[in-house]
Asks: 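Following this message is one structure expressed as structure tokens.
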Amino acid sequence: MKYWLMKTEPSTYSIDDLLAEPGQTDHWDGVRNYQARNFMRDEMQPGDKVLLYHSGKHPAVVGTAVVVREGYPDHTAWDPESDHFDPKSRPDTPTWYMVDVRCETKFTTPLPLKHLRGLSALSDMWLLRRGMRLSIQPVTAAEYEAILSLAESA
DNA sequence: GCCAACGTTGGC
DNA sequence: GCCAACGTTGGC
């Protein structure tokens with residue numbers, strides 16, 4: 001089982017939007033970065049655990065989710081009406097992929113990014129690296145557990 | 001609003 | 001294949 005962090009801009013799509021879906025489950029569409037695509041297409045599996053992260057005005061880890069469907073083509077890429085339309089992606093040769101995730105927990109208090117900095121348990125976390133913009137990031141089991149502990153004690 | 005860090009585009 | 005220009009992300 002692997003662990004991940006998935007970023008979202010809450011004014012576009014927040015943890016509350018995910019919770020509002022039937023079964024608290026939705027597809028994670030719109031990722032248009034090849035490295036992030038590769039993680040979803042090639043590595044993410046049902047059962048993998050996910051930290052949900054809000055970027056923007058109040059950057060914070062806000063809850064957890066679980067992957068419930070492995071990577072499959074992101075159909076929004078070939079929808080001309082979609083904000084994420086990409087004419088290079090074709091149904092027979094899809095460029096972009098997504099997974100389905102189910103929200104597991106929403107933290108009672110978001111765990112702000114600034115509270116994570118400087119913690120030795122998280123010193124190697126991708127999220128805290130300078131200039132790290134990748135929207136799908138691998139997380140270690142130890143980092144995942146550390147985040148959960150912080151969330152519970154917050 | 002600023003700006004650093006990246007990714008992409010396109011001329012050559 | 002190189003690299004300058006440009007657009008985007010996202011923290012501050």
Side-chain angles (χ1 to χ4, degrees), chain A residues 2-21 26-44 48-65 67 71-101 103-140 142-154:
Chain A
K2 292 180 175 169
Y3 299 83
W4 307 94
L5 179 141
M6 300 175 86
K7 268 188 210 175
T8 183
E9 165 56 50
S11 63
T12 302
Y13 189 90
S14 74
I15 188 172
D16 293 318
D17 293 319
L18 179 57
L19 283 168
E21 292 292 329
D26 203 359
H27 51 273
W28 203 264
D29 64 77
V31 173
R32 297 292 179 266
N33 170 279
Y34 285 101
Q35 193 175 3
R37 187 278 309 269
N38 292 346
F39 284 140
M40 291 201 292
R41 186 189 61 185
D42 304 333
E43 295 199 42
M44 293 178 90
D48 285 3
K49 292 181 175 299
V50 175
L51 297 169
L52 295 173
Y53 176 84
H54 281 178
S55 60
K57 195 173 168 66
H58 301 289
V61 181
V62 294
T64 67
V67 176
Y72 62 106
D74 181 344
H75 57 78
T76 66
W78 53 72
D79 173 6
E81 302 298 307
S82 169
D83 289 343
H84 305 295
F85 176 61
D86 181 357
K88 293 192 301 297
S89 184
R90 311 280 315 150
D92 51 342
T93 54
T95 305
W96 305 113
Y97 282 71
M98 59 188 177
V99 297
D100 288 355
V101 297
C103 191
E104 280 198 319
T105 59
K106 177 184 174 181
F107 297 159
T108 51
T109 308
L111 205 50
L113 179 62
K114 64 171 184 271
H115 291 189
L116 306 181
R117 295 194 185 281
L119 300 178
S120 59
L122 304 179
S123 57
D124 292 329
M125 198 173 179
W126 283 40
L127 181 68
L128 306 180
R129 295 179 192 174
R130 227 159 72 87
M132 177 46 65
R133 305 186 309 182
L134 195 61
S135 64
I136 310 281
Q137 301 175 5
V139 171
T140 68
E143 289 162 351
Y144 184 90
E145 296 303 332
I147 295 279
L148 284 202
S149 296
L150 289 164
E152 284 164 10
S153 62

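Every chain is numbered from 1, with letters handed out A, B, ... down the list of sequences.
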Asks: Checking A/His27 now: which residues fulfil ring pair (Phe, Tyr, Trp, His ring centres under 6.0 Å) with it, not counting sequence neighbours?
Replies: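 With neighbours one apart ignored, the set is A/His75.
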Asks: Return the value, rounded to whole Å, for the distance between atom NZ of A/Lys57 and atom P of C/dC12.
Replies: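 After rounding, the gap between these two atoms is 14 Å.
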Asks: Using whole Å, report how far CD1 of A/Ile136 lies from P of C/dG10.
Replies: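 Computing the A/Ile136:CD1 to C/dG10:P distance gives 11 Å.
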Asks: Starting from C1' on C/dG10, measure out to NE2 on A/His58 and report it in whole angstrom.
Replies: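 Taking atom C1' of C/dG10 as the reference, NE2 of A/His58 is at 14 Å.
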Asks: Do A/Arg32 and A/Thr76 have a side chain donor and acceptor closer than 3.5 Å?
Replies: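 Yes.
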Asks: How many Å lie between NE2 on A/His54 and P on C/dG11, as a whole number?
Replies: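 Those two atoms, NE2 and P, are 12 Å apart.
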Asks: Rounded to the nearest 0.5 Å, what's the gap from OH on A/Tyr34 to CG on A/Leu134? Could you check?
Replies: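 Those atoms lie 14.5 Å apart.
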Asks: As a test of reading the structure: which of B/dT9, C/dG10, C/dG11 is closest to the side chain of A/Arg133, going by heavy atoms?
Replies: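 Nearest listed nucleotide: C/dG10.
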Asks: Does A/Leu113 reach a base, just sugar-phosphate, or nothing at all? Heavy atoms under 4.0 Å.
Replies: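 It contacts sugar-phosphate atoms only.
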Asks: Within this structure, what is the CG-CG distance for the pair A/Leu116 and A/Leu122, rounded to the nearest 0.5 Å?
Replies: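 Atom-to-atom, A/Leu116:CG and A/Leu122:CG are 6.0 Å apart.
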Asks: Check the distance between B/dG7's C1' and A/Arg37's CZ and give it to me in whole angstrom.
Replies: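 In whole Å, B/dG7 C1' and A/Arg37 CZ are 14 Å from each other.
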Asks: Using atom CZ of A/Arg32 as one end and atom C1' of C/dG7 as the other, report the distance to the nearest whole Å.
Replies: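 In whole Å, C/dG7 C1' lies 17 Å from A/Arg32 CZ.
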Asks: Restricting both atoms to N or O, compile the protein contacts to nucleotides 4-6 of chain C shorter than 3.5 Å, with distance only.
Replies:
none

Asks: Under a 4.0 Å threshold between the charged nitrogen and the carboxylate oxygen, would A/Lys106 count as salt-bridged to A/Asp16?
Replies: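 Salt bridge: yes.
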Asks: If you round to the nearest 0.5 Å, how far is CG of A/Asp86 from CG of A/Asp74?
Replies: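 If I round to the nearest 0.5 Å, the distance is 10.0 Å.
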Asks: From the options C/dG11, B/dT9, B/dT8, select the nucleotide whose nearest atom is closest to the side chain of A/Arg117.
Replies: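 Within the option list, the nearest is C/dG11.
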Asks: Over all strands shown, is A/Lys7 touching base, sugar-phosphate only, or nothing at heavy-atom distances under 4.0 angstrom?
Replies: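 Contact class for A/Lys7: sugar-phosphate only.
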Asks: Within this structure, what is the CZ-to-P distance between A/Arg129 and C/dG11, rounded to whole angstrom?
Replies: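 It works out to 16 Å between those atoms.
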Asks: It should be established whether A/Tyr53 places a side-chain nitrogen or oxygen under 4.0 Å from OP1 or OP2 of nucleotide C/dG11.
Replies: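 Answer is yes, contact under 4.0 Å.
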Asks: To the nearest angstrom, how far is A/Asn33 atom CG from C/dT9 atom P?
Replies: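 Interatomic distance, CG of A/Asn33 to P of C/dT9: 11 Å.
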Asks: Do the side-chain N and O atoms of A/Asp100 and A/Tyr72 include a donor-acceptor pair separated by under 3.5 angstrom?
Replies: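 Per modelled atom types, A/Asp100 and A/Tyr72 side chains form a pair under 3.5 Å.
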